[in-house]
Amino acid sequence: MRAVWMNGFGGPEVLVAGEAPDPVAGPGQALVEVAYANTTFVETQYRRTGQGPFRLEPPAIPGNGVGGVVTRVGEGVDPGLVGQRVITSTGGRGGYAERVAVDAAGLVVVPDGVPLDTAVALLADGRTALLNLRAVGDVAGLRVLVLAAAGGVGTLLVQLAKAAGATVVGAAGGAEKGEVVRGLGADEVVDYTEPDWGADPVDVVFDGVGGPTARAAFELLRPGGRMLSFGLASGEWAGIDPDLAAGRGVTLVEGRRPTPQELADLVATVLRHAADGTVRPVIGQRFPLDRAADAHAAIESRATVGKTLLEVR
């Protein structure tokens with residue numbers, strides 16, 4: 001089968017298209033014929049540094065999320081899964097390939113009416129956005145600032161917070177990204193690449209950028225406000241002093257690691273939101289599987305909008 005190998009740690013050029021043996025569905029597993037593979041900023045970080053949530057020893061096939069059709073199941077797995085459209089995490093390996101054998105318990109069946117590419121785009125970013133929204137609590141009637149609002153998670157946070165009754169301020173880099181955010185229903189849009197970009201005071205900050213931008217956003221929080229940092233597109237975390245936050249009456253919300261069952265429930269919930277029209281992912285870039293290196297380069301350049309997918313079939 002076709003696959004993309006990570007031949008070492010370093011720049012995008014370490015991702016090289018090639019061949020790999022076909023996987024086999026063992027006990028408790030399902031074999032998925034992959035149509036789309038997910039890509040994330042976290043994957044680019046791991047490829048570059050070897051540091052992160054995955055444990056891959058090159059040479060290895062990376063990729064932590066796929067969508068496709070189940071073609072075979074192993075011992076102990078419901079044969080009724082064969083032929084079902086599914087999305088699933090892979091444990092950080094094997095996703096950049098035509099086929100992957102995965103734990104059948106982690107499969108999420110895609111509802112009728114939800115395109116498979118939409119479902120894959122929601123796999124990682126959708127559960128992260130929903131988990132973040134739940135972590136900060138009720139946002140109805142509050143002013144919510146979303147940093148990196150044109151990114152994969154940010155575009156979904158804008159929509160989820162708006163649906164929850166918040167006034168949403170979307171912060172994105174540049175006019176083109178700002179128009180994308182406005183089209184998702186943001187009440188206000190600001191360009192954080194401009195000097196003195198700050199908005200009016202806010203009650204909640206979702207920070208997917210980190211660094212100076214996040215620290216500037218912190219200054220916009222009213223007493224009693226909440227801030228959750230979930231990404232570091234700038235290359236560094238926000239680094240807000242907890243004592244400073246406490247002195248201002250601001251809560252720095254800590255994210256937590258959900259259980260596998262909670263992750264599956266979050267994905268199923270966000271797919272239902274997609275089915276009823278509450279959210280739609282922005283798939284800004286698509287690359288064929290063989291050009292996974294180009295996909296990583298685009299993500300790292302911060303030139304992407306929304307989600308970047310690999311098209312396998």
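Here the structure is a predicted model, which is why all the values come from computation and not from measurement. Along the sequence shown, the residues carry numbers beginning at 1.
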Side-chain ion pair, E300 and R48, N-O less than 4.0 Å: yes

Under 4.0 Å between a side-chain nitrogen and a carboxylate oxygen: does that hold for R2 and E19? no

Between atom CG of L252 and atom CG of D241, what is the distance when rounded to the nearest 0.5 Å? 9.0 Å

Does V209 reach the side chain of Y192, with side-chain heavy atoms less than 4.5 Å apart? yes

Taking S89 for its side chain and G91 for its backbone only, find out whether a donor-acceptor pair lies under 3.5 Å. no

T88 side, atom OG1; N64 side, atom CG - distance, nearest 0.5 Å: 9.0 Å

Measure the CG-OG1 distance between L31 and T71 for me, rounded to the nearest 0.5 Å. 4.0 Å

Working to the nearest 0.5 Å, report the span between CD of E311 and CD1 of I283. 9.0 Å

Passing candidate, side chain to side chain contact (heavy atoms under 4.5 Å, CB included) with E98, options V34, V32, D22, V312: V312

For residues V279 and L160, determine if any side-chain heavy atom of one lies less than 4.5 Å from a side-chain heavy atom of the other. yes

Are any of the side-chain nitrogens in R215 or E236 under 4.0 Å away from the carboxylate oxygens of its partner? yes

Determine whether K162 and T167 make a side-chain contact, defined as any pair of heavy atoms from C-beta on separated by less than 4.5 Å. no

Salt-bridge contact D191-K177 (side-chain N to carboxylate O under 4.0 Å): no

Do V66 and L309 sit in the same hydrophobic cluster, where Ile, Leu, Val, Met, Phe, Trp and Tyr count as joined when their side-chain heavy atoms come under 4.5 Å apart? no

Check against side-chain contact (heavy atoms from CB on, under 4.5 Å), L133 and F206: CA-CA 9 Å; L133 187 65; F206 290 106; 4.0 Å; yes

When rounded to the nearest 0.5 angstrom, what distance separates NE2 in H296 from CD in Q45? 11.0 Å

Report whether L145 and V181 are members of the same hydrophobic cluster (ILVMFWY, side-chain heavy atoms less than 4.5 Å apart, transitive linking). no

What residues, two or more places apart in sequence or in another chain, satisfy ring-ring contact (aromatic ring centres under 6.0 Å, His included) together with Y46? F9, F54

What heavy-atom pair brings Y96 and N38 nearest, and what distance separates the two atoms? CE1-O, 3.6 Å

If you apply the rule side-chain contact (heavy atoms from CB on, under 4.5 Å), what do you find for F218 with R248, and how did you get there? CA-CA 10 Å; F218 170 76; R248 289 190 49 203; 3.2 Å; yes

Testing the basics here: between A25 and V73, what is the closest heavy-atom pair and its distance to 0.1 Å? CB-C, 4.1 Å

Nearest non-hydrogen partners of A20 and W5, listed with the distance: CB-CZ2, 3.7 Å

Results of side chain to side chain contact (heavy atoms under 4.5 Å, CB included) for E176 - residues two or more places apart only: none

Would you find a donor on one side and an acceptor on the other, under 3.5 Å apart, between the side chain of E179 and the backbone of A175? no

Taking the side chain as every heavy atom from C-beta outward, state whether D187 and V169 have any atom pair closer than 4.5 Å. no

Start with the C-alpha distance between R286 and D117, add both sets of side-chain angles, then the distance that settles salt bridge (charged side-chain N to carboxylate O under 4.0 Å, His left out), and finish with yes or no. CA-CA 10 Å; R286 300 168 186 260; D117 55 352; 2.9 Å; yes

Looking only at heavy atoms, what is the nearest atom pair of A161 and V144, with distance? CB-CG1, 4.4 Å

Could you check L116, V86, L122, V267 and say which one makes a side chain to side chain contact (heavy atoms under 4.5 Å, CB included) with V110? L116

Between T44 and R47, is there a side-chain donor-acceptor contact under 3.5 Å, judged purely by atom types and distance? no

Atom pair CG/OG1 of L221 and T251 - distance to nearest 0.5 Å: 10.0 Å

Side-chain touch R127/L131, heavy atoms, less than 4.5 angstrom: no

Shortest non-hydrogen contact from A149 to V158? CB-CG2, 3.9 Å

Could you tell me whether the side chain of L107 reaches within less than 4.5 Å of the side chain of L81, counting heavy atoms only? yes

Smallest heavy-atom separation, V70 atom then A30 atom, equals CG1-CB, 4.2 Å

Shared hydrophobic cluster, V250 / V253 (ILVMFWY, side-chain heavy atoms < 4.5 Å): no

Which is it for R134 and T269 under the side-chain contact (heavy atoms from CB on, under 4.5 Å) test, yes or no, and what are the steps along the way? CA-CA 12 Å; R134 291 178 177 178; T269 298; 3.9 Å; yes

Atom CG of residue position D112 - does it have more than 12 heavy atoms of other residues, nucleotides or ligands inside 6.0 Å? no

Tell me if the CD atom of E219 is crowded by more than 12 foreign heavy atoms within 6.0 Å. yes

Walk me through whether D207 and M227 qualify under side-chain contact (heavy atoms from CB on, under 4.5 Å). CA-CA 7 Å; D207 165 34; M227 181 171 183; 4.0 Å; yes

Salt-bridged, E33 to R72, with N to O below 4.0 Å? no

Pick one: which of D294, L310, T308 meets side chain to side chain contact (heavy atoms under 4.5 Å, CB included) with Q285? T308

Examine R302 relative to F41 and say whether NZ or CZ is less than 6.0 Å from the centre of the six-membered ring and inside a 45° cone about the ring axis. no

Check salt bridge (Lys or Arg N to Asp or Glu O under 4.0 Å) between R55 and all other residues, then give those that pass, not counting sequence neighbours. none

Indicate yes or no: at least one non-hydrogen side-chain atom of Q84 is less than 4.5 angstrom from one of V82. no

Check for me, please, whether I299 and L232 land in the same ILVMFWY cluster - side-chain distances under 4.5 Å, paths through other members count. no

Side chain proximity check, K307 to D125, heavy atoms < 4.5 angstrom: yes

same_hphob_cluster(V102, V77) at 4.5 Å side-chain heavy-atom cutoff: yes

N-O pairing of R143 and D203 below 4.0 Å: no

